[in-house]
Each structure stands twice: as C-alpha cells, then as structure tokens.
Amino acid sequence: MDNKSSNEIDWEAWQTSFTDETFTNLRRIASIPFLPEKLELVRKGVTPREIVYEEDRLKVYHYIGEGEPKFKTPLCFVFALVNRPYIMDLKKGRSIVANYVKAGFDTYLIDWGTPTKAERFLTTDDYVNGYMLNVVEYLRERRGSDKVNLLGYCMGGILSTMFTAIHQDLVKNLVVLATGIDFSTRESLINLWSDPRYFDADKFVDTMGNIPAEFLQSAFLMSKPIASLIEKPINLMENVHRDEFVDDFLHMETWINDNIPVPGEVYREFAKYLFQQNLLAKNRMPVGRHIVDLRKITCPLLNLMARNDDLVPPVQSEPLNDLVSSTDKEKIIWPAGHVGLGVGTRSHKELWPRAVDWLVQRSD
Amino acid sequence: MSDNMNKAFDQAAAFQKLWTESLVNMASVWSQYSPVSPPVDEIRKMRGGMLKVLGETWDEYMRTPQFMELMKASLNGALDLKRMAREGMNRAHEQFENPSKEDIDGVLMAIRHVERRLLDRLEGLDERVVNLDEKIDKVDRRIAKQEHATERRGQTSETDTEK
C-alpha cells in the first residue's frame, strides 16, 4: 500500500524526470551542429511576388494570388523605416500578406529600401507626399480604382495615418497595427529615453547623419535586456531539438537582426515632433506644407494593438480612434507583443481572419 | 559641495535599495521551491521566476533619472568624440585637397534645396493650371448659356414673323 504523504519525495518521478531530461539534453546537443543548415533554409518572404514599381531605393511588390483578385480596390502594405518589411510575409502560416491575397485582395507592399548617405536629407514629407503619393497614384492607375486600402505597421502605420489625413480622398479603408499616435504617457522605455531633458535629437542627427542600424538595434535590445540576452538563448537551448521552434526562431532572428539605417531628417522629425512634442495627437504635426489634422480622416478605420507591446503600448495607439472623424471605426487589443501581433500563431489563427473579414465587408 | 555629496549619497542609496529589493524578491522565488516535485521542473520554474524579477528590476532601473543621466552622458560623450574625429578628418582632407564628408553633405544639401525649389515651383504651377482650368470651364459654360439664349431668341422672332 502506498502511504506517501504530500511532503514525501516521489523518487520514481524524480528518476523518470532525470532520465527524460538526460535524453532530451542528448537530443539538444545532437541538434546544435545542424543549426547552420537550418539557417540556410530561411527565406525572406514566401508569397510569390513581382516588382511593379521602383523609385530611387523604393520598390513596390505585387503579390500574385491564384486567379484574378475579387476586389477592385488595391491593398497596399506600408511598413516602418527601421526594419525590412518581409515580417509581413515571414513564412508559411505566418504571413499577413498571404491572408489578404488568399481572400482575393490585389495586394502590394512598399519596400522602402536601405537608405544611404544620399538619403540623409529626406524628410517625412518626402515619404508621405512624395513616395507614398506616387505609389498610390500608380496603384490607382494600374487597377483603375479611385482609392486604395492602406495597411500600416508600427511606423508604417504612422505614415499611413498621416497620408490618409492629408489625402483622405485617395484612401478607402485604413488598417493600422501597433501604431503609436499619442506619445504623452512615456510608458514605453524607448519613448521615455527620448525625453528632451536626456536626449538632444538635433545634436544626435547633426553628428550621426543617418541613424545607424546598430544604434536602433541596441536601443530595442536594451529595452528588454534580460529577455533578449538571457531568456532568449536559454529558450533556444531548451528547444533546439524541436524543428518547428528552431525554424520560427531563425526566421524571427534573421528579421530582428536585419535593421536598416533611418534617414536623419525623418528621425529628427519623429523624435522631436512625435516623441518629444507629441504634435500628431495635437493635430499640429507639420509634414511639408501640410499640418496633419487627424480629424480629416473619415474613412473606416481598424486599429489593431498588442496588449503586451513594450515598444508601442496600447495607451499610445488607442487615442487614434477618438481623434479621427470616422464613424466606422473599430479597435482590437490583442494579447500579444509588438511582433507577435503580426506573426504569432494565435494571431494568425484568430486575429487575422477577423481583420481580413473586416476589410472584405468594406470592399467592392 | 555638501549638496553634491548629499545628492551622490541619495543616488547611491536609491540604487542600493532597488537592487536589494530585487535580491530579496529573487530569494522569495526560491521560497516557493517544492522538493516534492521533480527538480528539473522546479528549477525551470525558479529560473523563470528569478529572471522575471530581474527583468522587472532592470526595467525599473532604466526608468530612473540616474540611469537616464548616465545614458545622456554616455551618448553625448560618444557624439562629441565622433564630432572631434570628423573635424580632424575634414581638416586632413582639406590639407590634401580631397573632398570630405562635410563637402559631400554640402553638395547633398544643395541638391535638396534645388529639388525643393523645383518641386515648390511645380506645385505652384499645378495650382495655377487647376485654377485656369476652372476659369476656362466657367467661361465655356457662360458662352454655352449665351449661345443657347441667342438660339431661343432667334426661334422666338421667327415664330413672331410667321404669325
């Protein structure tokens, strides 16, 4: 008869646990030499695509679906200037782009390219009223459509929002992901560190010119040092024997370490006008000759936010819905992080079908 | 002098308090260790708990004015060093009559200004063309109205003549 009390050690369970862990460790060690081979299998983007427009460093990709698109209005993805955009099409089963292509949208993505010293003096106006306007005009002409749908992620969402406020007549629907609008709260570390008492944006840009990719990467890393430098390698070692985990990990790490420089003047404007003076939320953000007034946005708006986002907490994104004049607007705060919102397994199972359906209902 | 010393002591005390509390919290994670469960799982749980506490402490520390002052000093130092190095290189390039980064930036700026001026002019021209178009449309409509009126008068006088 087994009369073990709750405080007695279960030696059998201990023994089993040790044995299991030993064999798992052997599997882990045996998997390590295959990591370089698995790294070779990482692809930057999985949905078939073609380049349809180029201007300076910018390229516009058109994603090729099976058959003709069902909807007339084209959908244009706008990503941030700080990373490469293939996060939107990361891998099979984790591709936001593929969801929309499958749903029948004629889908495009703006790849801003990697700025060089020649792009040092490009401003937000060049991106919003220059490049984006040219791309939108091209897409309208290509599809014979009066308007386009815009989907912006992070800084791309800010650019899309500014574009829509200035050129509302060209935008049919606006979807934004993890897009910071109101930077008054200083909840995010990145936003806190840009406080004008501690960070002189003018001195920084005047000295550095374009903002180096390494600087941005260091800032992101420093905002979560324990998670990035300790937990992540431990997590990898614990799961290195699991192929799916390693594949996901390598895809993500490839992208995370693929930062690009940011044109100096764009960075200056974002740091001073957005992070430090919070002019966008006050409807006083200057973009070239325009002052961005979010009240001029009247099109349907879907605002997707990540509850556990350390870079752009929901408190920075949520105010957008109150600042626009749109009557058809929705917000979803999803339990994920900044990147998980776009590529997480649960996001793709539950969130993205909803987001795609939202756009389908507002498309002809 | 004593103000500075007091400030330094206060900062050191705050720093010490933060990290002492962190160590205490990490130790309290271990108080939840249960020898009954298999050690591998428990150690994993303890490790997770400790790293969570460490992460929270670092987050709190990085929000302190002391840390931000440290970051500011470090960044400004690096920028000043870079600026000095660049000025030195510019002078060297000048001596050898080679183009320096400053010269290249100057050329880029000049191109930007020309581009901006041209674009502004083009936008202005665009607006004038749009205005002209509108005026021409108005004139066209007025002419069409007058022609229509003239036609009707012509028809009316013909009818009167027939009567």
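Below, read A as the first sequence line, B as the second, and so on, with proteins coming before strands; counting in each chain starts at 1.
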Subject >> Aromatic ring pairing A/Phe249/A/Phe245, orientation class (parallel under 30°, perpendicular over 60°, tilted between) >> reply: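 Rings of A/Phe249 and A/Phe245: parallel, as their planes differ by under 30°.
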**OP:** Please state whether the rings of A/Trp193 and B/Phe67 are parallel, tilted or perpendicular, taking 30° and 60° as the class boundaries.
**Re:**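 Plane angle between 30° and 60°, so tilted.
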**OP:** State whether the number of non-hydrogen atoms from other residues, nucleotides or ligands found under 6.0 Å of A/Lys224 atom NZ is greater than 12.
**Re:**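 Counting neighbours around NZ of A/Lys224, 12 or fewer heavy atoms of other residues, nucleotides or ligands fall under 6.0 Å, so no.
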Subject >> Enclosure of B/Glu102 CD (heavy-atom neighbours >12, cutoff 6.0 Å) >> reply: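 No - once you tally the heavy atoms of other residues, nucleotides and ligands closer than 6.0 Å, there are 12 at most.
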Subject >> A/Glu55 and A/Tyr53: side chain donor to acceptor below 3.5 Å >> reply: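 On atom types as modelled, these side chains qualify, holding a pair under 3.5 Å.
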**OP:** Would you please say whether a donor-acceptor pair under 3.5 Å links the side chains of A/Arg242 and A/Asn239?
**Re:**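 The criterion, which ignores hydrogens and geometry beyond distance, is satisfied for A/Asn239 and A/Arg242.
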Interchain contact, [X] with chain B, by part (heavy-atom threshold 4.5 Å):
X        : value
A/Tyr198 : both
A/Ala227 : neither
A/Arg197 : backbone

Subject >> is_close_aromatic(A/Phe215, A/Phe204), centroid dist under 6.0 Å >> reply: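 That pair passes the under 6.0 Å test.
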Subject >> Sorted by number, residues from residues 103-111 of chain B in contact with chain A (heavy atoms, under 4.5 Å) >> reply: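 When heavy atoms of chain A are the reference, residues 103-111 of chain B contributes B/Asp105, B/Leu108, B/Met109 within the under-4.5 Å range.
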Below 4.5 Å, heavy-atom pairs only: which of [options] has the largest tally toward chain B?
options                               : result
A/Ser17, A/Gly130, A/Gly288, A/Gly209 : A/Ser17
A/Lys203, A/Arg120, A/Lys117          : A/Lys203
A/Asp200, A/Ile230, A/Leu189          : A/Leu189
A/Thr16, A/Asp125, A/Asp126           : A/Asp126
A/Met222, A/Arg186, A/Gln15           : A/Met222

Subject >> Pairwise distance CE(B/Met89) to NZ(B/Lys82) - rounded to 0.5 angstrom >> reply: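 If we round to the nearest 0.5 Å, B/Met89:CE and B/Lys82:NZ are 11.0 Å apart.
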Subject >> Region of B/Met62 that comes under 4.5 Å of a non-hydrogen atom in chain A >> reply: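 Looking at B/Met62, backbone and side chain both touch chain A.
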Subject >> Interface residue of largest heavy-atom contact number with chain A, from B/Lys52, B/Arg63, B/Arg116, B/Glu123, under 4.5 Å >> reply: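 When all of B/Lys52, B/Arg63, B/Arg116, B/Glu123 are compared, B/Arg63 has the most.
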Subject >> Identified side-chain contact (heavy atoms from CB on, under 4.5 Å) partner of A/Pro263 from the options A/Val205, A/Asn210, A/Thr123, A/Ile211 >> reply: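 That would be A/Asn210.
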Original post:
Looking only at atom types and distance, does a side-chain atom of A/Ser188 sit under 3.5 Å from a main-chain N or O of A/Leu311, one as donor and one as acceptor?
Top reply: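 Yes; judged by distance alone, with no hydrogens or angles, the pair exists.
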**OP:** May I ask you to decide if A/Thr116's main-chain N or O and A/Glu119's side chain share a donor-acceptor pair within less than 3.5 Å?
**Re:**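 Yes, A/Glu119 side chain to A/Thr116 backbone: donor-acceptor pair under 3.5 Å.
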